[in-house]
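Note that the coordinates shown come from a computational prediction; the quantities given were computed from them, not determined experimentally. In this chain, numbering begins with 1 at the start of the sequence shown. As a basis for the values below, the full set of heavy atoms in this structure was taken, side chains included, without hydrogen atoms, waters or symmetry mates.
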Amino acid sequence: MQGAPARPAASTSPAAPLQAVERSPFAGVATMAGSGLSNQVGAAIGSFAFPVIGPLGVVAVRQYVAAAVLLAVGRPRLRSFTWRQWWPVLLLAVVFGTMNLSLYTAIDRVGLGLAVTLEFLGPLSIALAATRRRLDACWALLAAAGVVVLMRPRPSADYLGMGLALLAALCWASYILLNRTVGRRIPGAQGSAAAAGLSALMFVPVGIVVVVQQSPTLAATGCAVAAGVLSSAVPYLADLFTLRRVPAPAFGLFMSVNPVLAAVVGWVVLGQGLGWTEWAGITAVVAANALGIVTQPSQ
């Protein structure tokens, strides 16, 4: 997640600075597929714990798992950070927690496929805003048309849930921009690791309240931990591997499939079926991202 990428979602991973591409394309593609599927399956499994500990409890556990993984990998030297380095890390920590909380609450209200599709507008908007070509304006209009279809007025529409998904999109866009700043000022993954650790600390009181008030079951706790592992640890470690083997445009192109994966996982795992209009809206958003990447001029 190193800032306003020229191509949609091409650098939305903390592992983005490690893009020394090696020649193992098939391994890279397989890893990308596994990472995307893991992310969505993790969110689906986490939703099974919603009735017991709610989205807030699931997100708290996910933040703990993410912090454990990132701190182990990044090993930040916190005492050496200056205020110029600390302030974007602090903002990143807040955005990280808000992004996951708003997304998981949206999943609880509107379903996995719709929530992830609307959240995906964050990196897509950053990418399209970074260019000045008229063709990219067409892709932006295509994405906007998809959003209109997904958020059209109807009796069953949950606008609070959709609004939370759009908040997650705003947070993801902010996460990308802040990661660029953090990446410039702090070497390696130390900044992302510090932000994850701070975000986890912010959720410690939440975890205590959940334990006291909700009495989480072993099954609910296991689902929340699985969500943290599958949606945080596995994708992050997979991106470390993938970005060394797959060019950034190909990485971004594959990321555009995530809303489709989310919709399919929501249908298969959670029984959240979608109508043809919802599929049309998701397809429009995915196509806007994919076309934005494949039509980029060669560099």
Side-chain angles (χ1 to χ4, degrees), residues 1-13 16 19 28-29 32-33 35-36 39-40 99 102-103 106 110-153 162-180 235 239 242-243 246-264 266 274-299:
M1 294 184 179
Q2 289 300 309
R7 300 172 178 83
S11 1
T12 53
S13 160
Q19 289 186 38
V29 170
M32 283 191 294
S35 173
N39 199 353
Q40 306 311 328
M99 177 177 65
S102 56
L103 174 62
V110 301
L112 183 61
L114 178 55
V116 170
T117 300
L118 292 176
E119 186 205 25
F120 197 74
L121 294 173
L124 176 58
S125 299
I126 288 290
L128 293 178
T131 67
R132 295 293 183 269
R133 300 184 310 153
R134 292 181 180 179
L135 189 59
D136 289 316
C138 295
W139 310 144
L141 289 174
L142 178 60
V147 173
V148 169
V149 170
L150 291 171
M151 301 187 68
R152 70 195 185 282
M162 294 180 190
L164 287 168
L166 292 176
L167 175 60
L170 177 62
C171 289
W172 195 356
S174 302
Y175 193 67
I176 293 169
L177 296 174
L178 284 168
N179 254 298
R180 165 165 284 186
D239 288 351
T242 301
L243 286 166
V246 178
F251 181 78
L253 183 62
F254 190 87
M255 278 197 67
S256 67
V257 181
N258 272 288
V260 176
L261 286 176
V264 171
L274 297 174
W276 71 268
T277 50
E278 284 78 16
W279 277 110
I282 291 173
T283 300
V285 173
V286 169
N289 185 75
L291 291 170
I293 295 170
V294 299
T295 60
Q296 285 289 329
S298 302
Q299 302 198 8

Let me confirm one number: the [atom1]-[atom2] distance from [X] to [Y], rounded to the nearest 0.5 Å.
| X | Y | atom1 | atom2 | value |
| --- | --- | --- | --- | --- |
| C171 | L178 | SG | CG | 10.0 Å |
| L124 | W172 | CG | CH2 | 10.0 Å |
| T117 | E278 | OG1 | CD | 10.5 Å |

Of all pairs that satisfy side chain to side chain donor-acceptor pair (under 3.5 Å), the ones with a partner from residues 138-149, not counting sequence neighbours: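 Qualifying pairs: W139-T295.
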Which atom pair, heavy atoms only, marks the closest approach of [X] to [Y]?
| X | Y | value |
| --- | --- | --- |
| A106 | A165 | CB-N, 3.7 Å |
| G122 | A173 | O-CB, 3.7 Å |
| L261 | G36 | CD1-C, 3.8 Å |

Residue pair L166 / L170, side-chain heavy-atom distance below 4.5 Å: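 Side-chain contact under 4.5 Å: no.
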Side-chain touch R152/T277, heavy atoms, less than 4.5 angstrom: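 With C-beta onward as the side chain, the pair touches.
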Contacts of Q40 that satisfy side-chain hydrogen bond (donor to acceptor under 3.5 Å, both in side chains) - sequence neighbours left out: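 Per chain and number, Q40 pairs via side-chain hydrogen bond (donor to acceptor under 3.5 Å, both in side chains) with N258.
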Not counting sequence neighbours, which residues clear side-chain contact (heavy atoms from CB on, under 4.5 Å) with [X]? List them please.
| X | result |
| --- | --- |
| S35 | P235, A238, D239 |
| A263 | L274, W279, I282 |
| A168 | S102, L103, E119 |

